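So the structure is just underneath, and the comments pick up after that.
The shown structure was predicted, so the numbers you read here are calculated from the model rather than taken from an experiment. FYI, side chains are in, hydrogens and waters are out, and symmetry mates aren't considered; it's all heavy atoms of this structure. Numbers for residues simply follow the sequence, beginning at 1.
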Amino acid sequence: MGTGERNQEAHVSEGSAATPPRTLAEALRTRGDASLAALLRARPDLLSPVPNDLSQLATRAATRASVVRALERLDRFTLQTAEALAVAPDPAPYEALRALMTGDDGDPAVEAALPKAVATLRDQALLWGADDRLRLVRTARELLAPSPSHPSPTGLGPTVAEATAGMSPGRWQETLAAAGLPPTHDPVSAVTALAALFSDRTRMSALLDTAPPEALMVLERLVWGPPYGEVTPDPAPPVRWLRDRGLLLPTSLRTVVLPREAALHLRAGRAHRVPEPVPPAVVPAHTYSPQVVDSTAAGQAYTALATVEELLKDWNEGGPAVLRSGGLSVRDLKRTATALDMPEHTAAFWVELAYGAGLLAADGEASERYAATPAYDEWLELPPQEQWTRLATAWLHATRTAGLVGSQDAKGRILAALGPDLDRSAAPEVRRRVLALLAGLPEGAAPAPEQVLARLRWERPLRGAGAASASGAASAPVSASASASASASAGTPGDLRSRIALWTLTEAELLGVTGRGALSSHGRALLAAGHGHGHGTGTGTGTGAEEATAVARAAALLAPLIPEPLDHVLLQADLTAVAPGPLRRPLADTLDVLADVESKGGATVYRFTPASVRRALDAGRAASDLHAFLAEHSRTPVPQPLSYLIDDVARKHGHLRVGAASAYVRCDDDAMLGEILADKRSQGLGLRRLAPTVLAAQADPAALLEGLRGMGFAPAAESAAGDVLITRAHAYRTPPRTAPAPVPEGPPTPDDTLLGAALRAIRAGDMASTAVRKEAPAAAPSPGELPRTTSAETLATVQAAALTGSAVWIGYVNAEGAASQRVIAPVRVEGGFVTAYDHTADEVRTYPLHRITGVAELADSP
């Protein structure tokens, strides 16, 4: 029977097995393939590499790193369940766990949610055993159980047995007598008697009825944690009364602790002050019309495209230099923010977005600078809706987190935009989860950010904030007159996961994924695309075709909402032009050269100046071309002042000619050259007259051009042949660059094909390691040791197995010297090789006989 057929056996639950499992490995062997596949899908780190058998899988599932990762993915109530198990007896029956979670008074909501939490812990191999013997994996118990150096989130302290280890017999007798218990010289019996007293509700209540009121106040301070308190060498009478009866047990000369059994009585049996079986609700705080949300998001989406284009146009001739440590300097980020007319943290977001989309990169030259990539030119040719989906999907999948720009790392260094330390592997999962919470609301509904943060903290309480509050590690002074202390604080809003969530809400609005805080229709479609992206961030197992379909749907929903570009402007008499909406690219490009942008918003205002007109003339436009361009694209008559401005600048333009001598100036008007020489501002240019119409300069041509323009002239550059040079903006591009790959949070979620192959290998390896061998005359090898037989015995055994069609167990050493145990069914033995079906590899293989260390027959053939 093949491995695939053997794996079709029905799943046998741990609770219904005939023989209770004694180890986690035995518990895993009772599971069916569907259950094991769910485990490997929930904890993909267990597959790296594929375990040899179920024993190795169980060992790996109990390692500290893997358990910590699994605990971090638990929701608050499931984690509270695990924390309760960590302070319960080991093993604990389900009823004991329920009592710890619900307390003496019971809690229907907790009782309803508890079975699912237990099933989750069991499915993820953090818990094993039947309901009458629940066992938390030892590593998880060590992480969650209370200790002096690692307080429990429950606020409970050690048990009586743990706190009294090493107590002298005399001290035991005094404690038992004060508590009204019969004396015993056996420490085990003493521990049992005192723990039984504290656990007995009736007797414990009677004991506390005799306590002084001040002593009860001390207990109230310690009952919800931290359970440790400091005492003086001569404690107050209330503290002495508690210490004498074992209600406070000394852990050092100056420290006492409230034992766990006593604390549970004071808590009415509850392990947690506030169990949270139900996640916090995310409800609408504001509701808008879906059409209003979509139109608002679409308008912002178009603004996002214009912002990215403006950014890269600003860096078109080569952007800022790359810092030696990588990234953008603070000065360059501030200059970029000024050019884009926005705060620096918003400019950092757009810079990082362009970088993450592959539109921006470093050029890799010796004096490395940032510039647009060839992909930017391809992006410009796409329709606006496809440009937007490129940006939005890059944002959704990116692990680079722009919100960190300007903050400090662990070493106190400022994190720079485009720097190497901005990746946070949790960012994609948090972004998708925030959008999913928005998608769960009715269309047009926007929640309050505080509700989103509360829900995220409930779903992943250990992420960012840490497993336990730092306040739990302190010891409070034990004083009868002191006020009651607060319990350990929960995760603060400043944890990384919450900050990423807040940044997500802001960035989604900037990008046009949301409108007025509500998820847009194209944002919903984009979210479906996000679940098909595989970068090892736990995003789902969707295919590339599914993602392409979802992205296309998002683009189709956005397309009719994007405003149609205009082909006209409104010229005004104050030398300005108003663009009442987005302009077509040829018109916008020409206006960017001919005029300066004065203000942005719903309508863009351009201003014409002598410098901007000269810039257009330098780019090769004639005055007649500019007049015709304005007349063609203006819905209003061209104002006379603007026509005069163009003609005046054109009249002076090129009257002076600058070339290379180092540089020279020539002009047919020798009086003008004399005026230049007489001007004090020309002294730094090193000018001297060579001829009546020619001046030579020590400055280079570019500096000479700038100097003369600063003096109020309008010179034109010329070539070596004497022709006027046309200067256009040079579009500098980097070599082809790939977009930065997201940094995975862990191993990728395995797909069905990988899971099937891994399960077959694990099952086969487990069969090989647990197969029952026939007793050999010689001493059988110890577990893990390869079988040893002579060459003749090996050959005879495999030949017999080939004739009878039975399986055998072999030890094998490959060419690299790696030893392994295998179960094979020999098919043919010839030429020093055995061809057999390898149950471990689930395929037919050929093995050299000289590499088989030994062979043994199986008691029952597979």
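In this structure, Phe629 and Ser634 have side chains that are not in contact, with every pair of non-hydrogen atoms separated by 4.5 Å or more. Between Leu677 and Arg688, the closest side-chain pair of non-hydrogen atoms is not below 4.5 Å. Counting only heavy atoms from C-beta outward, the side chains of Pro374 and Thr734 approach each other to under 4.5 Å. Side-chain contact between Leu575 and Thr609 is absent, with no heavy-atom pair separated by less than 4.5 Å. In this structure, Ile500 and Trp503 have side chains that are in contact, with non-hydrogen atoms separated by less than 4.5 Å. Between Thr399 and Pro428 there is a side-chain heavy-atom pair separated by less than 4.5 Å. Side-chain contact between Arg689 and Val694 is absent, with no heavy-atom pair separated by less than 4.5 Å. With a 4.5 Å cut-off on side-chain heavy atoms, Trp388 and Ile562 do not count as touching.
A donor-acceptor pair under 3.5 Å is formed between the side chain of His633 and the backbone N or O of Asp567. Judged purely by atom type and a 3.5 angstrom limit, Arg614 has no side-chain atom pairing as donor or acceptor with the backbone of Ala714. Remark: side-chain polar atoms of Ser520 are paired, donor with acceptor, to backbone N or O of Val513 under 3.5 angstrom. In terms of modelled atom types and a separation under 3.5 Å, the side chain of Glu352 and the main chain of Ala417 share no donor-acceptor contact. With hydrogens and angles disregarded, a donor-acceptor distance shorter than 3.5 Å links the side chain of His522 to the backbone of Gly512. Judged by distance alone, with hydrogens and angles left aside, the side-chain atoms of Ser612 form no donor-acceptor pair with the main-chain N or O of Phe608 at under 3.5 Å. Distance alone, capped at 3.5 Å, places no donor-acceptor pair between the Thr401 side chain and the Gly403 backbone. Side-chain N or O atoms of Arg424 include one that pairs as donor or acceptor with a backbone N or O of Asp421 at under 3.5 Å. Arg431 contributes a side-chain N or O that, together with a main-chain N or O of Ala398, makes up a donor-acceptor pair within less than 3.5 Å. A donor-acceptor pair is defined here as one N or O able to donate and one able to accept, closer than 3.5 Å; such a pair exists between the side chain of Asp363 and the backbone of Arg369.
The number of heavy-atom neighbours closer than 6.0 Å to NZ of Lys313, taken from other residues, nucleotides and ligands shown, is above 12. In the displayed structure, Asp341 atom CG is contacted under 6.0 Å by at most 12 heavy atoms of other residues, nucleotides or ligands. Around CD of Glu598, the count of heavy atoms belonging to other residues, nucleotides or ligands within 6.0 Å exceeds 12. The number of heavy atoms from other shown groups lying within 6.0 Å of CZ (Arg553) does not exceed 12.
Closest approach of Pro715 and Leu705 over heavy atoms only: CG-CD2, 3.8 Å. In terms of heavy atoms, Ala416 sits closest to Leu422 at O-CD1, 3.4 Å. Taking all atoms of both residues into account, the shortest heavy-atom contact from Trp350 to Met342 is CD1-SD, 3.4 Å. Contact between Arg733 and Asn316 at its shortest, heavy atoms only, is NH1-OD1, 2.9 Å. Of all non-hydrogen atoms in Ala371 and Leu360, the two that sit nearest each other are O-CD1, 3.3 Å. The shortest heavy-atom contact between Ser682 and Met711 is CB-CE, 4.0 Å.
Salt-bridge formation is detected for the pair Arg666/Glu718: a Lys NZ or Arg NE/NH1/NH2 atom is positioned less than 4.0 Å from an Asp or Glu carboxylate oxygen. Between Arg497 and Glu429 there is a salt bridge, since at least one side-chain N of the basic residue sits less than 4.0 Å from a carboxylate O of the acidic one. A salt bridge links Arg615 with Asp596: the distance from a Lys NZ or Arg NE/NH1/NH2 to an Asp or Glu carboxylate oxygen falls below 4.0 Å. With respect to the salt-bridge test (charged N to carboxylate O, under 4.0 angstrom), the residues Asp625 and Arg621 do not qualify.
One finds the CD1 atom of Ile646 at 13.0 Å from the NE2 atom of His653 (value rounded to the nearest 0.5 Å). Distance check: Asp314 CG to Leu340 CG gives 6.5 Å after rounding to the nearest 0.5 Å. Going from atom CG of Leu311 over to atom OG1 of Thr307 covers 9.0 Å, rounded to the nearest 0.5 Å. The OG1 atom of Thr296 sits 11.0 Å away from the CD atom of Gln291 when rounded to the nearest 0.5 Å. Within the model, atoms CZ of Arg331 and CG of Leu333 stand 13.0 Å from one another, a figure rounded to the nearest 0.5 Å. Taking CG from Leu687 and CG from Leu673, the interatomic distance works out to 9.5 Å, rounded to the nearest 0.5 Å.
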Step-by-step side-chain contact (heavy atoms from CB on, under 4.5 Å) determination, Leu353 to Leu511: CA-CA 10 Å; Leu353 179 64; Leu511 196 51; 3.7 Å; yes

Chi angles and distances behind the side-chain hydrogen bond (donor to acceptor under 3.5 Å, both in side chains) call for Asp294, Ser521: CA-CA 6 Å; Asp294 286 349; Ser521 58; 3.0 Å; yes

His397 vs Arg432, side-chain contact (heavy atoms from CB on, under 4.5 Å): CA-CA, chis, key distance, verdict: CA-CA 9 Å; His397 303 318; Arg432 273 183 283 273; 3.3 Å; yes

Val593 vs Asp589, side-chain contact (heavy atoms from CB on, under 4.5 Å): CA-CA, chis, key distance, verdict: CA-CA 7 Å; Val593 177; Asp589 290 344; over 6 Å; no

Stepwise side-chain contact (heavy atoms from CB on, under 4.5 Å) check, Tyr606 with Val578: CA-CA 6 Å; Tyr606 295 87; Val578 177; over 6 Å; no

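Among Leu519, Leu526, Val430, Leu505, the single residue meeting the side chain to side chain contact (heavy atoms under 4.5 Å, CB included) criterion with Leu435 is Leu519. For the side chain to side chain contact (heavy atoms under 4.5 Å, CB included) with Arg635, the lone residue among Val569, Leu566, Leu570 that qualifies is Leu570.
Checking Glu365 against Ser367 by side-chain atom types alone, no donor-acceptor pair falls below 3.5 Å. For the residue pair Ser498 / Asp495, a side-chain donor-acceptor distance below 3.5 Å is found, with atom types taken as modelled. Defined by atom type and a distance below 3.5 Å, a donor-acceptor pair is missing between the side-chain atoms of Tyr370 and Asp332.
Ring-centre distance between Phe349 and His345: not below the 6.0 Å cut-off.
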